[in-house]
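Note that the structure is predicted; figures quoted are calculated from it, not measured. Numbered from 1 within each chain, the chains take letters A, B, ... in sequence-line order.
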2 protein chains.
Amino acid sequence: MAEQEPSPHITIADVAKRAGVSIATVSRVINQTAPVAAETAARVRAAIGELNYRPSAAAKGLASRKTNLVGLLTTEISAPFFTPILRGMEASAREAGFGLLIYCTQDEPSPAPGFHRPMGPHNTDGLVVFAGSLEETELTHLHEIDFPVVLLHQAPPNSLNIPYITFENKAGARKLIDHLIEEHGYQRIAFLRGPENHEDSYWREMGYREALQAHEIPFDPTLVATGGFNQEKAQIPVEKWLRRGVQFDAIFAGDDEAAIGAITALQRAGKRVPEDVAVVGFDDVHLAHYLMPPLTTVQAPVEQAGREAVRQLVRLIRTGRADELVLLPTELVIRRSCGCN
Amino acid sequence: MAEQEPSPHITIADVAKRAGVSIATVSRVINQTAPVAAETAARVRAAIGELNYRPSAAAKGLASRKTNLVGLLTTEISAPFFTPILRGMEASAREAGFGLLIYCTQDEPSPAPGFHRPMGPHNTDGLVVFAGSLEETELTHLHEIDFPVVLLHQAPPNSLNIPYITFENKAGARKLIDHLIEEHGYQRIAFLRGPENHEDSYWREMGYREALQAHEIPFDPTLVATGGFNQEKAQIPVEKWLRRGVQFDAIFAGDDEAAIGAITALQRAGKRVPEDVAVVGFDDVHLAHYLMPPLTTVQAPVEQAGREAVRQLVRLIRTGRADELVLLPTELVIRRSCGCN
DNA sequence: TTGAAAGCGCTAACAT
DNA sequence: ATGTTAGCGCTTTCAA
């Protein structure tokens with residue numbers, strides 16, 4: 001006599017019953033995986049609509065071995081630099097019919113081993129890994145089991161053939177420094193490095209050195225310090241230079257954040273930017289346009305990087321192949337902090 | 001004679017076999033759902049480690065009817081204002097052991113009915129819905145089927161008892177306008193409304209009106225226009241006022257974006273801020289500090305709003321109950337655009 | 001404290 | 001063109 005509790009969720013069986021077909025047919029019209037008579041399909045669709053049915057992702061995933069999810073592993077989600085990337089990734093995933101799962105590692109790059117991995121084959125179809133958010137051993141493991149991964153702003157370790165996306169950092173820096181030398185005649189150009197082992201930073205330095213060399217300006221190690229892509233950290237070396245009376249015409253700050261720090265330090269010491277010292281950055285963060293003076297920098301197609309990362313990842317998931325390397329072009333953005341206008 | 005293809009994924013059965021126990025026992029040690037002998041548990045854990053096992057989210061979800069995922073539905077993910085919210089949500093979800101799935105509706109609030117809903121009971125355990133990202137009918141439907149939802153910056157429709165989180169918009173605006181009147185003696189204070197039907201905008205206007213009234217300044221409709229929480233849109237009414245020769249001492253821009261637009265329009269017309277016209281915003285976006293002049297505004301605990309939204313959602317998922325309304329305090333941030341200093 | 005086994009709601013191979 | 005059915009890898013009774 002026990003009443004049958006109605007299932008809290010509508011399942012494919014409910015739809016099938018209502019449409020007077022088998023669950024296989026329902027599955028077919030939903031996934032368009034085999035021909036179904038037009039009239040039958042219409043009945044099924046009607047039933048789906050009337051019942052407000054939506055297939056369970058879990059059941060679907062279990063049966064098909066696909067989650068239809070891509071994961072993003074990153075160190076920090078709200079950095080001004082990262083925001084457009086995320087937007088691009090989300091849009092790209094949505095357009096490809098994938099959901100986007102995000103996880104921040106907050107500095108410590110995925111410390112949890114094995115059992116605690118937040119993302120992987122168990123809950124996603126593939127991963128976009130942002131620079132520094134996953135240890136090499138984990139990356140290697142994922143590669144070994146053939147799990148789709150795309151790297152953002154970081155080359156794969158041990159020359160594993162994992163696709164990666166990054167900017168033309170070197171070319172961008174080169175254009176920037178060329179401008180400083182050729183248009184403004186600056187000779188003593190200081191450089192604020194990014195964090196240790198940061199690839200973007202490395203290539204920007206290469207561009208810097210190449211530009212100096214091309215103009216026969218000797219590389220001066222005393223004009224190079226670490227700004228860490230960070231406002232506060234960048235102020236310190238600038239203050240030190242100022243205190244020591246080091247002479248320079250311009251500062252290439254490594255990125256826009258560091259440029260803000262450099263400008264702050266300079267202005268605090270009573271220097272005018274760009275009259276006394278020019279400052280240039282890299283990234284063309286939203287803020288760059290609003291600074292006083294507006295920042296001359298290098299624009300990178302940040303949103304497109306996010307889009308491209310997911311696009312390649314989806315290709316990898318679907319076809320098993322993707323471009324080994326996507327190098328996005330950078331462009332000089334001349335505003336006033338370099339001395340122009 | 002066909003060779004048995006080894007399953008590409010390690011399953012609970014592999015772990016069970018290796019540990020010499022049943023799959024039920026493995027499940028028990030993983031989920032701590034029933035007592036297991038210490039020594040047995042150790043063997044199981046060892047097997048898990050050796051096999052690098054990670055339970056399939058799909059199988060787990062199908063069996064337990066939990067996805068362990070919370071969803072975020074929003075209109076725009078990379079707005080300066082939204083970024084810290086996202087960060088707070090991610091951190092909060094991560095700490096609670098939930099994954100975070102995101103979906104942007106790009107203006108059109110979830111147009112897709114029934115079958116195409118991107119998020120809901122079929123793929124998440126609950127949803128954070130940001131203002132304007134979900135139609136009322138959908139919201140009502142979710143409420144009817146008792147699906148956990150928390151609203152951010154939007155009150156529930158039809159007085160449904162859906163928890164929601166927002167700022168003390170009215171109190172913040174009140175403090176801001178009080179400051180303008182009491183400290184600077186401004187009498188003619190213009191107001192740039194946000195988008196139509198935007199609750200934040202509504203309450204900010206209430207605070208504005210209340211402040212005027214408290215100081216016996218008549219409300220003047222000609223000093224109110226729509227800025228739409230948007231730089232470009234905000235410039236238009238300001239330019240119009242200027243053209244018409246409307247007199248005002250200050251502009252309350254509704255939010256920081258509109259404030260930037262207002263400042264731009266003013267400066268373009270040769271007006272000095274704050275000497276000729278003061279401008280104040282709302283939100284205290286990252287940028288506000290760097291503007292010329294630095295923007296006086298109202299700081300809202302944006303990241304905390306994100307944290308709180310997920311916190312309440314997780315409570316709702318786990319216990320079935322959450323606070324009906326969380327009102328986060330706002331604080332005046334005095335910089336220079338109001339005329340201080 | 002442990003194991004056996006019945007689902008969870010789908011997909012996909014195989015029939016018809 | 002459609003139906004039947006065997007899993008997918010877990011959780012969760014129910015027994016032992």
Steps toward side-chain contact (heavy atoms from CB on, under 4.5 Å) verdict (A:Leu72, A:Tyr103): CA-CA 6 Å; A:Leu72 163 63; A:Tyr103 190 94; over 6 Å; no
A:Ile23, nearest nucleotide to its side chain (from C:dT2, D:dG9, C:dC10): C:dC10
Inter-end axis angle, the helix from C:dT1-D:dA16 to C:dT16-D:dA1, with every axis fitted to five base pairs (rounded, 10 degrees): 30°
Nearest to side-chain heavy atoms of B:Thr40, which nucleotide of C:dT2, D:dC10, C:dC10: C:dT2
A:Thr166 and A:Leu152, any side-chain heavy atoms less than 4.5 Å apart: no
Residue mapping more 5' on DNA chain D - nearest nucleotide basis, A:Ala41 or B:Ala24: A:Ala41
Derivation and outcome, side-chain contact (heavy atoms from CB on, under 4.5 Å), residues B:Val302 and B:Phe82: CA-CA 8 Å; B:Val302 196; B:Phe82 195 75; over 6 Å; no
B:Lys66 NZ to D:dG9 P, straight-line distance once rounded to whole Å: 23 Å
Short side-chain N/O contact to C:dC10 OP1/OP2 from A:Ser56, under 4.0 Å: no
N or O in side chain of B:Ser64 less than 4.0 angstrom from C:dC8 OP1/OP2: no
Integer-rounded Å distance: C:dT2 C1' and B:Glu39 CD: 13 Å
Audit row: B:Lys60, A:Asn123, side chain to side chain donor-acceptor pair (under 3.5 Å) steps and yes/no: CA-CA 10 Å; B:Lys60 201 162 182 153; A:Asn123 59 356; over 6 Å; no
Presence of B:Ser27 side-chain N/O under 4.0 Å of D:dT11 phosphate oxygens OP1/OP2: yes
B:Val150, B:Asp125, B:Thr124 screened by side-chain contact (heavy atoms from CB on, under 4.5 Å) with B:Ile317, the one that passes: B:Asp125
Below 4.0 Å: OP1/OP2 of C:dG9 and any side-chain N or O of A:Lys60: no
Sugar-phosphate, base or nothing in reach of B:Thr25, heavy atoms under 4.0 Å: sugar-phosphate
Phosphate contact (C:dC10 OP1 or OP2) by A:Arg65 side-chain N/O below 4.0 Å: no
Shortest side-chain distance from A:Arg28, nucleotide among C:dT2, D:dG3, D:dG9: D:dG3
Test salt bridge (charged side-chain N to carboxylate O under 4.0 Å, His left out) applied to A:Arg87 and A:Glu90, step by step: CA-CA 5 Å; A:Arg87 178 213 194 100; A:Glu90 194 281 335; over 6 Å; no
Spacing between A:Arg54 atom CZ and C:dC10 atom P, to the nearest angstrom: 11 Å
Aromatic ring proximity, centroids under 6.0 angstrom, B:Phe167 and B:His153: yes
Value in whole Å for how far the P atom of D:dC10 lies from CG of A:Leu62: 9 Å
Distance in angstrom units between B:Lys17 NZ and C:dA4 C1', rounded: 17 Å
Whole-Å distance separating the CD1 atom of A:Ile12 from the C1' atom of D:dT4: 14 Å
Whole-Å distance separating the CD atom of B:Gln32 from the P atom of C:dT1: 14 Å
Side-chain donor-acceptor pair present, A:Thr74, A:Glu76, cut-off under 3.5 Å: no
Atom-to-atom span, CG of A:Asp14 to P of C:dC8 - whole angstrom: 12 Å
